[in-house]
Amino acid sequence: MPKELSETREKKERAILVGIEAKQAEDGWSIESSLEELYNLSITAGADVVGRFSQKLNRPSSTYYLGKGKLQELLELKETTGYDTAIFNDELAPRQQRNLEETLLVKVIDRTALILDIFSKRARTKEGKLQVELAQHQYLLPRLAGQWSHLERLGGGIGTRGPGESQLETDRRLIKSRISHLKKEIDSVRKHRDLYRQQRKRSNIPIVALVGYTNAGKSTLINALCQANVAAENRLFSTLDPVTRKLRLPDGRNVLITDTVGFIHKLPPLIVAAFHATLEELTEADILLNIVDITSPDAANQSQTVEKILIDLELYKKPRLTVINKMDKVVGSVSEVQEIVQDMPVDTESAVAISAGKKWNLDLLLEKIAGLI
């Protein structure tokens, strides 16, 4: 009689997405668009999304994120959807996460944890892995109490006599020590990168940095311009680590073109801080190319998000060229494209419309870059 085969593949988590619809959204994003992005993040992380759930509130409840009535509705949805993971569209306070897990009896993660999970899968270089690990430890530290809520403090008796530390206190000390070690390693990487930047300055080669929303086509563009062989996929955060290549302009001059991590709506400050060494590449750039995915239904909101992050990073005064990408996928008239662009915080007169994938209009883009330099 043949033996039964056992499933060796990791079972996908059945996730429900939960968000708050603010009565007056300050950032212009609708709850539908925001949850759609959370859906794409969840799929990228490997979840099987079985439902979406939202509530209109002025602000999230400090206790449960949702109101108690809606929380009960969410609990009842377990019967019909069978979800075993709840993914929330904002960063949860440790208290909120603990209360939600005790009520829903499922794994509860927030937007920050979800993005960190994706980053941990995408990081390839030593620098990228260090930055992700630092952000993960900084995120975990204030949440340790919840991790050990099912354990009692160590008491007396055989084998427990000693310093009297609980497991929680031991873990706190270990994580703080690890954070300190990671910061030193990243600081060493930053110094090395700074030396490399000084060498580039002495060579007097202008630096052009690509910025933009995640999945806007930055890696595809650097591949098209420089034959760079950078991993370019139709998924969020396919590139985390900075990539720099040399590019020859039509007038014979050379420039260095750099691709860095993409931005996203509600990008956690924790991640911005951890990736400071990488984002320093943008501060050294002479020109920023702002890559916009014209096919996204939220292109205008995405552009607003990028603009806000550039302001936060104090990069908004740098010379900038807007590059409207993926024109080969546009279905509609020129006037419809112009209408979308009008809602963006960009200089529409100097913008260049291209297709990085099809290599359309790259000659004009290179001429514009040469003109700015």
Side-chain angles (χ1 to χ4, degrees), residues 119 122-132 185-233 236-264 271-272 274-292 306 309-310 313-315 318-323 325 352 354 356-357 359 362-363 365-373:
F119 274 30
R122 296 285 185 266
R124 294 288 178 267
T125 65
K126 179 184 176 183
E127 179 186 358
K129 290 175 181 177
L130 286 172
Q131 290 172 135
V132 172
E185 285 207 57
I186 290 172
D187 192 50
S188 175
V189 169
R190 183 178 293 139
K191 287 176 182 175
H192 177 76
R193 189 179 290 281
D194 190 52
L195 286 173
Y196 180 59
R197 280 198 293 262
Q198 293 303 321
Q199 289 177 350
R200 290 193 310 208
K201 275 186 178 179
R202 285 194 290 271
S203 68
N204 288 322
I205 299 179
I207 300 170
V208 178
L210 307 182
V211 298
Y213 213 77
T214 180
N215 207 31
K218 298 186 302 299
S219 298
T220 303
L221 179 58
I222 199 172
N223 285 338
L225 293 173
C226 311
Q227 292 77 51
N229 295 320
V230 177
E233 303 169 68
L236 304 181
F237 299 116
S238 63
T239 302
L240 280 188
D241 306 301
V243 177
T244 302
R245 295 289 185 271
K246 186 180 283 188
L247 173 66
R248 183 173 289 273
L249 297 176
D251 60 9
R253 286 181 295 175
N254 289 324
V255 297
L256 294 175
I257 187 163
T258 298
D259 181 20
T260 59
V261 62
F263 299 146
I264 196 167
I271 291 174
V272 175
F275 277 74
H276 183 69
T278 296
L279 293 172
E280 278 181 350
E281 290 291 318
L282 301 179
T283 66
E284 297 298 322
D286 299 287
I287 296 171
L288 300 180
L289 294 192
N290 182 14
I291 317 302
V292 177
V306 171
I309 294 172
L310 290 177
L313 295 173
E314 299 183 353
L315 297 171
K318 279 192 176 288
R320 202 184 323 168
L321 177 63
T322 300
V323 182
N325 192 25
V352 184
I354 69 161
K359 299 186 178 180
L362 297 187
D363 289 344
L365 173 60
L366 292 176
E367 288 175 14
K368 290 268 190 178
I369 294 171
L372 273 176
I373 291 172

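Predicted, not measured: the structure shown is a model, and the values here were computed from it. These numbers come from the heavy atoms of this one structure, side chains and all, not from hydrogens, waters or symmetry mates.
In this structure, L372 and V208 have side chains that are not in contact, with every pair of non-hydrogen atoms separated by 4.5 Å or more. Using a 4.5 Å heavy-atom cutoff, the side chains of L221 and I354 are in contact. Looking only at side-chain heavy atoms (C-beta outward), T244 and I207 stay at 4.5 Å or farther from each other. Residues L313 and V272 are in side-chain contact: their nearest non-hydrogen atoms beyond the backbone lie under 4.5 Å apart. Between R320 and L310, some side-chain heavy-atom pair lies under the 4.5 Å cut-off. Between L315 and T283, the closest side-chain pair of non-hydrogen atoms falls below 4.5 Å. Proximity of V306 to V292: side-chain heavy atoms (C-beta onward) are nowhere separated by under 4.5 Å.
Proximity of a side-chain donor or acceptor of D286 to a complementary backbone N or O of I373 within less than 3.5 Å is not detected. In this structure a side-chain-to-backbone donor-acceptor pair under 3.5 Å is present from K318 to A285.
Among all heavy-atom pairs drawn from I291 and G217, the shortest one is CG2-C, 4.5 Å. Of all heavy-atom pairs spanning A356 and N325, the tightest one is N-OD1, 2.9 Å. In terms of heavy-atom proximity, I287 sits nearest to I369 at CD1-O, 4.1 Å. Closest approach of S219 and D259 over heavy atoms only: OG-OD2, 2.9 Å. Scanning all heavy atoms of the two residues, the minimum distance from K218 to L210 falls at O-CD1, 3.4 Å.
If you take OG1 on T258 and CG on L288, they are separated by 10.5 Å, rounding to the nearest 0.5 Å. A distance of 11.0 Å separates CG in L247 from CD1 in I205, rounded to the nearest 0.5 Å. Note that the OG1 atom of T220 and the NZ atom of K359 stand 11.0 Å from one another [nearest 0.5 Å]. How far CG of N215 is from CD1 of I264: 9.5 Å, rounded to the nearest 0.5 Å. Here OG1 of T322 is found 5.0 Å from CG of N290. Values are rounded to the nearest 0.5 Å.
Listed by chain and number, the residues in a ring pair (Phe, Tyr, Trp, His ring centres under 6.0 Å) with F263 amount to none (sequence neighbours excluded). Remark: D251 pairs with R253 by the side-chain hydrogen bond (donor to acceptor under 3.5 Å, both in side chains) rule, at least two apart or across chains. The side-chain hydrogen bond (donor to acceptor under 3.5 Å, both in side chains) check on E284 picks up K201, with sequence neighbours excluded.
Residue K246 is tested with I257, V255, L256 for a side-chain contact (heavy atoms from CB on, under 4.5 Å); the sole match is L256.
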